[in-house]
Peer 1: 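Please see the structure below; I have some questions.
Proteins come first, then strands; the chains are lettered A, B, ... in the order of their sequence lines, and each starts at number 1. Computed over heavy atoms, backbone and side chain alike; hydrogens, waters and symmetry mates excluded.
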Number of protein chains: 2
Amino acid sequence: MLRSFIEVAPESHFPIQNLPYGVFRSRNGGHPRIGVAIGEYVLDLAVLDQAGCLARTEAAGQGLFDQASLNAFMALGRPVWQQVRAEIRRLLSADEPELRDNGGLRTAALLPQKDVELLLPVEIGDYTDFYASRDHAFNVGTMFRGKENALMPNWHHLPVGYHGRASSIVLSGTDVRRPQGQMKPPDAAAPVFGPSRQLDFELEIGWFMGAGNPLGQPIPVERAEEHIFGLVLVNDWSARDIQAWEYQPLGPFLAKNFATSISPWVVPLDALEPFRIRGSRQEPEPLPYLKQEGAHSFDIKLEVYLQSADMEQAERITESNVKYLYWSMAQQIAHHTVGGCNLRAGDLLASGTISGPDKASRGCMLELAWRGAEPLQLSNGAKRVWLEDGDRLTMTGYAQGDGYRIGFGEVTGRILPSLK
Amino acid sequence: MLRSFIEVAPESHFPIQNLPYGVFRSRNGGHPRIGVAIGEYVLDLAVLDQAGCLARTEAAGQGLFDQASLNAFMALGRPVWQQVRAEIRRLLSADEPELRDNGGLRTAALLPQKDVELLLPVEIGDYTDFYASRDHAFNVGTMFRGKENALMPNWHHLPVGYHGRASSIVLSGTDVRRPQGQMKPPDAAAPVFGPSRQLDFELEIGWFMGAGNPLGQPIPVERAEEHIFGLVLVNDWSARDIQAWEYQPLGPFLAKNFATSISPWVVPLDALEPFRIRGSRQEPEPLPYLKQEGAHSFDIKLEVYLQSADMEQAERITESNVKYLYWSMAQQIAHHTVGGCNLRAGDLLASGTISGPDKASRGCMLELAWRGAEPLQLSNGAKRVWLEDGDRLTMTGYAQGDGYRIGFGEVTGRILPSLK
């Protein structure tokens, strides 16, 4: 097994097999730049590039890592990402002296993560959210329309998706204010205005597009994965009461656009290759532009933790897995572009809530508490139907290798009371 | 009446009362920069700024107009826009010698529009499309659900809207390829894949946000107009068959994101002040955050022209007006932000199809040909139910003053056959 000269605990999310990208700034000042997480450190790629350590790559010497976003690097495409990743692995490996034995360079390039502030890693152009988990769509449909009509007729034929809001995507750690809005209680004659009473999270993964496609030229499903730069955790905060009133006929709007949180480290798709598995059997067979052979799903464990203001410790409320998605990332990309829509470097696509087949693997409060019918029992005696003010919601995820983990770190956020 | 030393015909869209902003590049080369349309000329603001002519404004001397987008200027906010507008009016007015009598400066700063290429004027962050015309929503609802259930229960309580696709917004003149996609003919057992057979246009106005709002801080309805930089014409191309199959439950997606066209000149809201009128009576009374006093609609005539490949001349197929919108721009902004969603300089908001009360004022083919039941009769004997390959669709609009017009120019696009 490949090892780094930097000691990394087996349960760490950031071994040399991972090497996720992020944007950081030293807490002592300095401008934002691009780094890679390794154990409890950040490796400063701007410093490495200036020192000539990336000279064997096509990304070298252009100031690409001395930037406040990954976009310019992402736009270069997979061959260059792979060159850079190979060089970083080499430089960090236990038996390579170039960085290991250069004390000056090591001090300049390796910063303890606790001494840096992480920033939004990408300048996000468009954000698209899908609805790709069958269990989630079925559960939600059952609650609202009954089991017989749970899934819309289109659901098994195409990955349903919609455009989300890019401006309100925030980094993990940002507090989220409970939105106000219009809703219509079932017994009310007219809608009312006030703080949402049905605030929810949604457990999702997202992926950033690297090189995109020109307008009018679809990305074929078999080439789609080449366009994926890397993955993050996504919490698509949702206000269910606002959603129920507003969503017809054009879809969710204010119920979603008050905030979406993402984790700071972008895990390269290449780091997840060992965890590739076959996805759900698709029946009926998809139309040719969506048909895939081989393994296009990924075995990535996901967890959600809730900690209320009066709880000493966060409590796990969900265990799910990326493998539960019915539609693959590649299918979602192929569908998104089949009519000619262009994706650009820095666009974020997300899966929609990922629920598994069991009650304990449901990916949002709406499902966990079954729309209020089955309140979630917390260990401190409290119950939860929706998120309450002061609640901290944390998602984490990792793929478990033999003696190492490819981890996503976490995406966390705390609910602030609404404006008066 | 204020007059310019540049002769402007009464039917021109670009008198000194208008002064819309755009981004252009000389056909002889050179980099993109910001200009203002005046008659048949473009006034180069980068040249004016370099010559010190804008020195009385807070926008001067920062290279703000020597840029490929209006975003930096837009972000400065209304007081600065008004300073710059006042200076440009002064410099162009008939009795002001500064520019009029400086031959060298005039030659450098005033370029015939025919010698420049117009570019997308704004780097668009997020794009939001509304559904704010009652006649349009009622017509569409009647066709799909019958008169009794035409409008959803939420329609009179909030401006329904959804997030659109920013990456595929193109400038007037760009050809539009007919999208392929999934649709399900009524008699088919399963969906089919192929070119859309129900390609449509949508006649809309859009407005660019100038200074935005921070995440979590709504824009009150009475301050909303201060945030509007200017207006353009929008053609929200739509594939109705793709839309009908995909839109439940999350709204339109591929039916819209293959292309949206905008006109190149951004008409300042200040230029439209003389055409302010009271909007539709709103019944039931909106909730307090949407309630407005005074005149917040605008009398702007809109026209749509169709020219097929074998027609010598374009033929007018619609006459509508911005005044037919039920929800004002200010109400749409207040609603968009009431839950905390942040708008940023460069965001585009659009009205949705603007239809009037008469058959001749319907704003899309779906309504004009009543979903195929009433084909549109063209003067060359042809009929139209949907747009056909080779059709050119052109929208134009203006507010008619006493001896002058505040015009929008046009947004035009031609349909290319779909990919094989």
Peer 1: Angle class for the B:Phe253/A:His335 ring planes (parallel below 30°, perpendicular above 60°, tilted otherwise)?
Peer 2: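 B:Phe253 and A:His335: tilted rings.
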
Peer 1: Got a second to check how far A:Thr128's OG1 is from B:Asn257's CG, nearest 0.5 Å?
Peer 2: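 The OG1 atom of A:Thr128 sits 7.5 Å away from the CG atom of B:Asn257.
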
Peer 1: I'd like to know if the side chain of A:Tyr289 pairs up with that of B:Gln180 as donor and acceptor (distance under 3.5 Å, no hydrogens or angles considered).
Peer 2: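 Absent: no donor and acceptor within the cut-off.
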
Peer 1: Check whether B:Leu254 gets within reach of chain A through its side chain, its backbone, both or neither, counting any heavy atom under 4.5 Å.
Peer 2: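 Just its side chain gets close to chain A.
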
Peer 1: State, yes or no, whether a side-chain contact exists between A:Pro218 and B:Leu419 at a heavy-atom distance under 4.5 Å.
Peer 2: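 Heavy-atom side-chain distance check passes, below 4.5 Å.
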
Peer 1: For chain B, which of A:Pro179, A:Gly125, A:Gly164, A:Gly181 has the most heavy-atom pairs under 4.5 Å?
Peer 2: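 Most pairs with chain B among the choices: A:Gly164.
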
Peer 1: Around atom CZ of A:Arg223, are there more than 12 heavy atoms of other residues, nucleotides or ligands at under 6.0 Å?
Peer 2: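 Incorrect, the count does not exceed 12.
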
Peer 1: So which part of B:Leu215 gets closer than 4.5 Å to some heavy atom of chain A, the side chain, the backbone, both or neither?
Peer 2: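 Just the side chain, heavy atoms under 4.5 Å.
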
Peer 1: How long is the span from the OH atom in B:Tyr162 to the CZ atom in A:Arg165, to the nearest 0.5 Å?
Peer 2: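 Result: 14.0 Å between the selected atoms.
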
Peer 1: Where does B:Asp347 contact chain A at under 4.5 Å (heavy atoms): side chain, backbone, both or neither?
Peer 2: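 Side chain only.
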
Peer 1: So which of B:Gly340, B:Cys341, B:Gly251 has the biggest tally of heavy-atom pairs under 4.5 Å with chain A?
Peer 2: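 If we count pairs closer than 4.5 Å to chain A, B:Cys341 comes out on top.
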
Peer 1: Against chain A, label B:Val176 side chain, backbone, both or neither, depending on which of its atoms sit under 4.5 Å from a heavy atom there.
Peer 2: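 Nothing of B:Val176, per the 4.5 Å heavy-atom cut-off to chain A.
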
Peer 1: Does a sphere of radius 6.0 Å around CD in A:Glu222 hold more than 12 heavy atoms from other residues, nucleotides or ligands, not counting ones at 6.0 Å or beyond?
Peer 2: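 Yes.
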
Peer 1: Which bit of B:Leu151 comes within less than 4.5 Å of chain A, counting heavy atoms only: side chain, backbone, both or neither?
Peer 2: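 B:Leu151 has no heavy atom closer than 4.5 Å to chain A.
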
Peer 1: Quick one, A:Leu250 and B:Pro252 - any side-chain contact, counting heavy atoms below 4.5 Å?
Peer 2: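 Yes, their side chains come closer than 4.5 Å.
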
Peer 1: Only one of A:Leu290, A:Val338, A:Leu158 passes side chain to side chain contact (heavy atoms under 4.5 Å, CB included) with B:Phe193; say which it is.
Peer 2: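 Exactly one candidate clears the test, A:Val338.
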
Peer 1: Hey, what do you get for NZ (B:Lys184) to NE2 (A:His157), rounding to the nearest 0.5 Å?
Peer 2: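 Spacing of NZ (B:Lys184) from NE2 (A:His157) equals 7.5 Å.
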
Peer 1: State the CD-CH2 distance between B:Gln248 and A:Trp155, to the nearest 0.5 angstrom.
Peer 2: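 Reported value, rounded in 0.5 Å steps: 16.0 Å.
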
Peer 1: Within the structure provided, determine whether B:Gln182 and A:Leu287 are in side-chain contact (heavy-atom separation under 4.5 Å).
Peer 2: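 Yes, side chains in contact.
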
Peer 1: Look at B:Gly216, B:Pro191, B:Gly141 and state which one has the largest set of heavy-atom pairs under 4.5 Å with chain A.
Peer 2: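 Ranked by heavy-atom pairs under 4.5 Å with chain A, first place is B:Pro191.
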
Peer 1: Under a 3.5 Å distance rule, please check whether A:Arg177 uses its side chain to pair with a backbone N or O of B:Gly339 as donor and acceptor.
Peer 2: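 Checked: no pair found.
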
Peer 1: Tell me whether the count of non-hydrogen atoms from other residues, nucleotides or ligands lying under 6.0 Å of CD in B:Gln282 goes above 12.
Peer 2: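 More than 12 heavy atoms, drawn from other residues, nucleotides or ligands, come within 6.0 Å of this atom.
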
Peer 1: Under 3.5 Å, is there a donor-acceptor pair between the side chain of B:Asp126 and the main chain of A:Asp126?
Peer 2: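 Between the backbone of A:Asp126 and the side chain of B:Asp126 there is no qualifying donor-acceptor contact (under 3.5 Å).
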
Peer 1: Where does B:Pro288 contact chain A at under 4.5 Å (heavy atoms): side chain, backbone, both or neither?
Peer 2: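 Neither part.
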
Peer 1: For a 4.5 angstrom cut-off between non-hydrogen side-chain atoms, does A:Trp245 reach B:Pro153?
Peer 2: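 Yes, close enough: below the 4.5 Å cut-off.
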
Peer 1: Just by modelled atom types, is the A:Leu343 backbone N or O under 3.5 Å from a matching donor or acceptor in the B:Ser167 side chain?
Peer 2: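 Checked: no pair found.
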
